[in-house]
Trainee: 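The structure's right below; bear with me while I get my questions together.
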Amino acid sequence: MKMAKLITTPNLPDPDGFYEELLAAHDGLSKAESDALNARLILLLANHIGDLQALRQALAAARREGPEAELKAP
Amino acid sequence: MGRIFETPLYPYSRSPDQDAVVPARHRVVVVGAGPVGLATAIDLAMQGIEVLLLDENDRVSWGSRAICFAKRPLEILDRLGAAQRMVDKGVVWQLGKVFFGDRQVYDFNLLAEDGHRRPAFINLQQYHFESLLCERIFEMKAADAPVDLRGRNSVTNITEQEFGLELDVDTPEGPYKLRADWLIACDGAGSPIRKMMGLDFPGQVFEDNFLIADVVMDGDFPTERWFWFDPPFNRGQSALLHKQPDGVWRIDLQLGWNIDREAAVKPENVIPRLRAMLGEGVKFDLEWVSVYTFQCRRMERFRHGRVIFAGDSAHQVSPFGARGANSGLQDSDNLCWKLALICEGKAPESLLDSYDAERLQGAEENILNSTRSTDFITPKTEVSRIFRDAVLDLSADHAFARPLVNSGRLSVPCVHDGSPLNTADALPGAPARTRPGAPCTDAPLGEGFLLDRLGGGFVLMTIDAESPDQVAAGGITARRLALRAGDDATGALAARYLGAAAQGVYLVRPDQIVAARWAAFDQASVQAALLRATGRA
Ligand SMILES: Cc1cc2nc3c(=O)[nH]c(=O)nc-3n(C[C@H](O)[C@H](O)[C@H](O)COP(=O)(O)OP(=O)(O)OC[C@H]3O[C@@H](n4cnc5c(N)ncnc54)[C@H](O)[C@@H]3O)c2cc1C
């Protein structure tokens, strides 16, 4: 499988629209329900990406570890 | 009639060794007649190595222990002449259901690959497993095989002397001494031998308690593995229901960490829990009820001079994934041919370093799998529970989430990539599953099966390739098993061993692990591989 680099430059066609939909998905949810939704969302997206290298880069970026940390990942 | 686990199977009787002036000397002493010690004694004796098996007890295992035995151990037992009786007695299963909260999220079929003699798993109580191995030992003894099993012989001390090992053994009639060239410690997770030698057993305890019950019932539950996460009858915890022979069912109920363990096993507390799980109308009797905590540990090295550790004495895993006895049998399989060659003077003692390397790798893999399962089943932080529940929730509707559900990854053998005994793969186009370091995959051969034809000993397996009938190097002979791809009309043999290659030559170890493979026979290459696989390169 071809390993892709995580895209960190603008890639969303309608940033404002997507952001609104993301928040709307949480409308009316309790904190616990929102946490659960976020977890489901991450899992769905991770499976869609399906590329371990990109996912590891995303994990490192989310942890603010920068690109060097990702290189050290297993 | 006494039940099997209450009956002395090998009652104490006085041995002439107890009256010897100079302690009697044995080739190999195996300490502990659990699943691993029994298999080890059978294997060595079948190879003509004199072996004495000692156990402090005189009967099979007590309490709720192993129930799930996987294909590879059954294949090993085929070589030891003991698998068929296990399969006949055991329950073969392949269906499972996963529940989350009050709903079933999905079901699965292990869909075992066709063309294997043995099923993916059988369920069989450990006490039956052990008694069937004892039966095999008694048969062998009756046929004058060099094996002896002594009950109520407890090893209390061990010293290394110039001539070998000296043991102190305690019996109902007092102590005596024994000498041994080699000692295999199969004395379980609490290994007294390990303690006598002052060796560590580092690892991790999982902070949780499990109520394990074996119940006898007539309930019409199907022959399936049912696993519940957070069920109504055990809120916030997990549960398992699995069938065993004789109408016995294994039930695991997670209890959490801070509980009163003594109260938990009292019938007045157990019965209402089980009733809530099984349904009001179901009649059941308790065979065993106990509370367990689980741990993962392993020794740093399994070989210490003339003492070799195998099974739970060397490594311990949580039962999720059924890797305890299953991996212990693989230890024994790996060890016995090596030790036999050393006893016969055909291989250097350094061959045992490969036992360490290969079985440490196996233990690491098992501990990793068992730890991951335990983390999924018993999430220890809020966020791990959130993700766990999200996986389960998604698994109801989305196939992608099901492989993430981890209620125990069932035991499969590891591939010894990088083993010092391997010769580099030289069969281009052949499938990875049978590369050097991998256990041979079974395949049908007309009325029979490949693994039975391999048996023990070194084998030069040729598929549509020419070679002499045998090849020898350094006193060890590999006999040829000449096959044609056409011997298996289903095509499995070719698919598993040739892939895109037109023909192949495999050198297979006595434990049925591939040592080397080539596109064509070459005497010098096979001899070099044979020397390498026996620790002389
Ligand atoms: C609840 C539970 C469920 C499990 N489920 C599974 C499963 O499904 N599948 C699986 O593969 N494994 C399972 N296991 C693990 C399995 O029971 C063990 O891995 C297995 O028993 C290990 O075998 P062993 O021969 O190494 O040691 P043991 O079975 O512990 O045997 C050790 C023997 O050594 C003897 N001994 C000890 N000290 C001395 C001494 N000083 N002198 C003489 N003899 C001595 C003891 O009497 C005993 O007979 C489970 C375990 C538990 C607790």
Side-chain angles (χ1 to χ4, degrees), chain A residues 1-8 11-13 15 17-74, chain B residues 98-106 108 228-232 235-238 361 364-373 375-407 409 414-415 417-418 431-432:
Chain A
M1 196 198 337
K2 197 180 166 306
M3 296 287 193
K5 195 168 164 354
L6 183 73
I7 301 169
T8 53
N11 193 37
L12 287 167
F18 169 72
Y19 193 76
E20 186 185 339
E21 283 180 49
L22 179 63
L23 293 191
H26 288 267
D27 269 355
L29 300 187
S30 67
K31 172 78 168 84
E33 289 163 342
S34 264
D35 285 347
L37 182 144
N38 279 337
R40 290 194 296 271
L41 187 62
I42 289 169
L43 292 165
L44 283 158
L45 294 175
N47 183 65
H48 181 82
I49 292 165
D51 177 332
L52 265 187
Q53 193 183 334
L55 290 170
R56 286 192 186 125
Q57 288 172 29
L59 288 172
R63 285 180 64 100
R64 301 179 191 284
E65 282 171 350
E68 319 77 53
E70 184 273 323
L71 290 176
K72 282 188 236 125
Chain B
V98 176
F99 302 86
F100 179 39
D102 45 19
R103 64 187 174 139
Q104 177 184 327
V105 279
Y106 71 96
F108 62 86
W228 288 262
F229 294 96
D230 196 12
R235 271 291 167 216
Q237 314 283 4
S238 66
Q361 181 201 350
E364 284 285 275
E365 202 171 291
N366 290 326
I367 289 174
L368 177 69
N369 275 287
S370 157
T371 304
R372 286 173 170 174
S373 302
D375 287 345
F376 191 89
I377 293 166
T378 64
K380 289 295 180 288
T381 63
E382 193 191 351
V383 73
S384 68
R385 180 173 291 273
I386 290 171
F387 273 111
R388 202 280 304 269
D389 289 352
V391 165
L392 289 167
D393 214 7
L394 289 166
S395 72
D397 296 325
H398 303 288
F400 90 85
R402 292 171 200 164
L404 292 169
V405 175
N406 190 345
S407 67
R409 298 281 177 235
C414 68
V415 177
D417 287 314

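The chains referred to below are lettered A, B, ... by the order of the sequence lines, with proteins before strands, and numbering in each begins at 1. Hydrogens, waters and symmetry mates are skipped; everything else that's a heavy atom, side chains included, is used. Since we're looking at a predicted model, the values are computed, not measured.
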Trainee: Check whether more than 12 heavy atoms from other residues, nucleotides or ligands sit under 6.0 Å from atom CG of Leu22(A), and answer yes or no.
Mentor: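 Yes - once you tally the heavy atoms of other residues, nucleotides and ligands closer than 6.0 Å, there are more than 12.
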Trainee: What are the sub-3.5 Å donor-acceptor pairs between chain B and chain A, distances to 0.1 Å?
Mentor:
residue	atom	partner	partner atom	Å
Asp393(B)	OD2	Arg40(A)	NH1	3.2

Trainee: Under 4.5 Å from any heavy atom of chain A, what part of Val383(B) do you find: side chain, backbone, both or neither?
Mentor: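 It is neither, since no heavy atom gets under 4.5 Å.
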Trainee: Just verifying a value: how many Å separate Phe400(B) CZ and Leu43(A) CG, rounded to the nearest 0.5 Å?
Mentor: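 If I round to the nearest 0.5 Å, the distance is 5.5 Å.
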Trainee: How would you list, by chain and number, every residue that makes a ring pair (Phe, Tyr, Trp, His ring centres under 6.0 Å) with Phe376(B), sequence neighbours excluded?
Mentor: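 With sequence neighbours excluded, Phe376(B) shows a ring pair (Phe, Tyr, Trp, His ring centres under 6.0 Å) to Phe229(B), given in chain and number order.
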Trainee: Identify the two heavy atoms, one from Ala39(A) and one from Ala390(B), that lie closest to each other, and give their separation to 0.1 Å.
Mentor: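 So the two residues come closest at CB-CB, 3.6 Å.
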Trainee: Between Leu41(A) and chain B, with a heavy-atom cut-off of 4.5 Å, which part of the residue counts as in contact: side chain, backbone, both or neither?
Mentor: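 Leu41(A) has no heavy atom closer than 4.5 Å to chain B.
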